[in-house]
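Contents: one structure, followed by commentary.
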There are 2 protein chains.
Amino acid sequence: MVETGIAQGSERRSEILMRATDAFVTHGYSGTSMADLARAIGIRKASLYHHFPSKEALFIACVTEGFEGAVRRLEALRSDDTLADPGRIRAAMEEIYRINLTTPVGRMSPLIAEVAPTIPEVAQAFHNGFIARHYATVTGMIEDGIARGSFAAVDPLGMQHLIFGPVITLALSREMTASFPNRDDLYPVDRIRKTHIDLILKLLIKPESSDGR
Amino acid sequence: MVETGIAQGSERRSEILMRATDAFVTHGYSGTSMADLARAIGIRKASLYHHFPSKEALFIACVTEGFEGAVRRLEALRSDDTLADPGRIRAAMEEIYRINLTTPVGRMSPLIAEVAPTIPEVAQAFHNGFIARHYATVTGMIEDGIARGSFAAVDPLGMQHLIFGPVITLALSREMTASFPNRDDLYPVDRIRKTHIDLILKLLIKPESSDGR
DNA sequence: GTCTATATTTCGATAGAC
DNA sequence: GTCTATCGAAATATAGAC
C-alpha cells in the first residue's frame, strides 16, 4: 500500500489532482517535473511535498482517483429501463466518446503504458478500475440485447474492440496532432463519431429487421 | 534541418537505432536517458555522442527512419492484380496487425504524442510519412472496391477508423498490460484479429451478394 | 500550509587520452 | 571509435523559518 498524502475527498486535494493530471497527460510522467507541477498548481515545489510525500504518490493518486463517476455513469445506462437496446448502445457510445475526448481519463492509457514497466501496480489499478469495467459494461449491454432478441448473435469480444478501438485511437491521434493547424480536418470528431455509431448499429441490428438501415 | 549524425544506411547506425527505438517505445522519451540508451546498445555514454550529436537527434532518427518499408509493403498490396477486392482488404488488415503488433512502429504513436508539444516537427514527419500514407492506402482500396462494384457504398472515413482503431488500441492495451500474467487472455491477438477482419468484410460486402456471410 | 534555502542524485553533453 | 573523467544544469527530496 502506497502512502498518498492528505485525506481523500478534500477540496484542495482534487484541485491539485486536476491540474497535475492535466500536466501528466500532456508531457508524460518523466517529462513532468515536480517544479512543472508546482507551477501548474500555483504553489512552490516544497509546498507540494506537504500534500503528497513523493512524485510517485501524486501520480498514483492522479491515475487511480477520479474515474469512479465516469464508470458509474456508463453502468447506470445499462440498467436504464427507459431505453431500448439500440438507443442504449447509442447513448453508451456517445458517453464513451465524451469521456475519452473531453476528460483527462481518456488520455491516460499512454501514460499508464509509460510507467507500467516501473510501477506495475498502477497499471493493474487503472485497468481493473476503469478499462475492464467499461469493457464489461458494454459487453453486457450487447449480451442483454442478444438475449432479448434485439441484436444479432455477434461475437461480444469483437464488438467490444470495434466500439472502443476507434474512440481511444481517435483521442491518441488528436493528442499527437494537437500542434497541427489542420487537426480538425484530419480528425473531425463529430463526423467520425456519427458514422462510427451508425456502422456499429448496422452490425448489431438483425438483417431481417428493417430499422437498421 | 536537424543534424542526425553518421551516414544513413550504415550497418552500425541501424543497429543502434533498433536498440534505441526499443528503449524509447518502452519507457518514453523523457523516461529514457542517454545512459539507458548506451547500456541497451552496449557502449559507453560518451561513445554514443560520436554517432549522434544529441539525444534529440537520435530520437528523431528513431521515429523518422525505418518505416519506409512498411509503408511500401501496404501500398504494393493496393496495386496487386492477383488479389480480388475482399482478399485485398483481408491481406491489408493482416499486414496492419503484423506491423502494429510485432514491430516498434506500431508502438510509436504514444511516444510521438509525448514529444509533440516540444518537438512538433517530429509529429509532422511521423504523421505525414507513416500514418497518413497508411490511412490513404486503405481508403484507396475501399474506394477502388466501391468503384469496381465489389463493395457497398460505405463511408471510407468511417471504415478507415473502424479498421485502424481496434489495431492501434490493441497494441496500446497490450503494452499497458505487458506486466500482467493474464495479458494474452485479456487481449488474445489471433482471436481479436480474426473477428475484426470478418466484421469489416461483413460491412463492406454488398447485402445482396452472398459471399459476405 | 507556504515559503527560502539547500542537500543529493541524475541528467545531457564535452574534453581529451588511447 | 571507444574509453575515463568531469562539467553545469536540472531532477527529487528535505530542513527549518514564518
Side-chain angles (χ1 to χ4, degrees), chain A residues 2-63 111 114-115 117-119 121-122, chain B residues 2-63 111 114-115 117-119 121-122:
Chain A
V2 177
E3 187 53 57
T4 50
I6 61 175
Q8 267 186 251
S10 146
E11 192 92 4
R12 186 93 182 94
R13 184 188 175 92
S14 32
E15 164 85 15
I16 290 175
L17 287 183
M18 268 187 55
R19 294 179 189 267
T21 301
D22 197 60
F24 276 133
V25 296
T26 307
H27 297 99
Y29 177 73
S30 300
T32 309
S33 71
M34 288 298 271
D36 293 334
L37 293 165
R39 199 176 308 116
I41 293 160
I43 54 175
R44 293 289 175 170
K45 204 172 40 165
S47 308
L48 194 46
Y49 279 95
H50 172 79
H51 297 278
F52 295 90
S54 70
K55 180 184 174 181
E56 186 175 314
L58 170 54
F59 175 76
I60 289 175
C62 283
V63 299
L111 198 55
E114 179 198 343
V115 301
T118 35
I119 325 177
E121 320 90 70
V122 85
Chain B
V2 177
E3 188 52 59
T4 50
I6 60 175
Q8 266 186 251
S10 146
E11 192 92 5
R12 186 91 180 97
R13 183 187 176 94
S14 32
E15 164 84 15
I16 291 175
L17 287 183
M18 269 187 54
R19 294 179 189 267
T21 301
D22 197 60
F24 275 133
V25 297
T26 306
H27 297 99
Y29 177 72
S30 300
T32 310
S33 70
M34 288 298 272
D36 292 334
L37 293 165
R39 200 175 309 118
I41 293 160
I43 55 175
R44 293 288 178 173
K45 198 171 49 161
S47 308
L48 195 45
Y49 280 93
H50 173 79
H51 297 279
F52 294 90
S54 69
K55 180 183 175 182
E56 186 175 314
L58 170 54
F59 176 76
I60 290 175
C62 284
V63 298
L111 197 56
E114 180 198 342
V115 301
T118 35
I119 326 177
E121 320 90 69
V122 86

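The structure displayed is predicted, hence computed values, not measured ones. All chains are named by letter (A, B, ...) in the order of the sequence lines, taking the proteins before the strands, and each is independently numbered beginning at 1. Scope of the values below: all heavy atoms of this structure, side chains included, with no hydrogens, waters or symmetry mates.
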Separation of [X] atom [atom1] from [N] atom [atom2], in whole Å?
X       : N      : atom1 : atom2 : result
A:Lys55 : C:dT10 : NZ    : C1'   : 12 Å
A:Leu37 : D:dA11 : CG    : P     : 11 Å
B:Phe52 : C:dA13 : CZ    : P     : 13 Å
B:Leu48 : C:dA15 : CG    : P     : 17 Å
A:Leu58 : D:dA13 : CG    : P     : 10 Å
B:Met34 : D:dC7  : CE    : C1'   : 16 Å
B:Tyr29 : C:dC11 : OH    : P     : 13 Å
B:Tyr49 : C:dC11 : OH    : P     : 11 Å

task = Would you give the length of the straight line joining atom CD of A:Glu56 to atom OG of A:Ser54, rounded to the nearest 0.5 angstrom?
result =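 Separation between the atoms: 5.5 Å.
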
query = Hey, does B:Ser30 reach any base, or is it just sugar-phosphate, or nothing, if we go heavy atoms under 4.0 Å?
reply =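 Nothing: the residue B:Ser30, judged by heavy atoms under 4.0 Å, touches no strand.
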
Matching residue for A:Val115 among A:Val122, A:Ile60, A:Val63 - test: side chain to side chain contact (heavy atoms under 4.5 Å, CB included) =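 The residue from A:Val122, A:Ile60, A:Val63 that satisfies side chain to side chain contact (heavy atoms under 4.5 Å, CB included) with A:Val115 turns out to be A:Val122.
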
key: B:Gly42 vs B:Lys45, nearer the 5' end of DNA chain D by closest nucleotide   =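 The answer here is B:Gly42.
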
request  = Start with the C-alpha distance between A:Phe59 and A:Leu111, add both sets of side-chain angles, then the distance that settles side chain to side chain contact (heavy atoms under 4.5 Å, CB included), and finish with yes or no.
outcome  = CA-CA 10 Å; A:Phe59 175 76; A:Leu111 198 55; 3.7 Å; yes

task = State plainly whether the residues A:Arg39 and A:Asp36 are in salt-bridge range, i.e. N to O under 4.0 Å.
result =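 Salt bridge present between A:Arg39 and A:Asp36.
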
task = Considering non-hydrogen atoms only, spot the tightest contact between B:Leu37 and B:Ala23 and give its length.
result =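 That would be CD2-CB, 3.9 Å.
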
message = What's the closest nucleotide to the side chain of A:Ala46 if the choices are C:dT2, C:dA5, C:dA15?
response =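 Closest nucleotide among those given: C:dA5.
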
message = Quick check for you: among D:dT14, D:dT4, C:dG12, whose closest atom lies nearest to any side-chain atom of B:Arg44?
response =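 Nearest to the side chain of B:Arg44 among the choices is D:dT4.
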
Ignoring backbone atoms, establish whether [X] has a side-chain N or O less than 4.0 Å from OP1 or OP2 of [N].
X       : N      : answer
A:His50 : C:dC3  : no
B:Ser47 : D:dG1  : no
B:Ser33 : C:dT10 : no

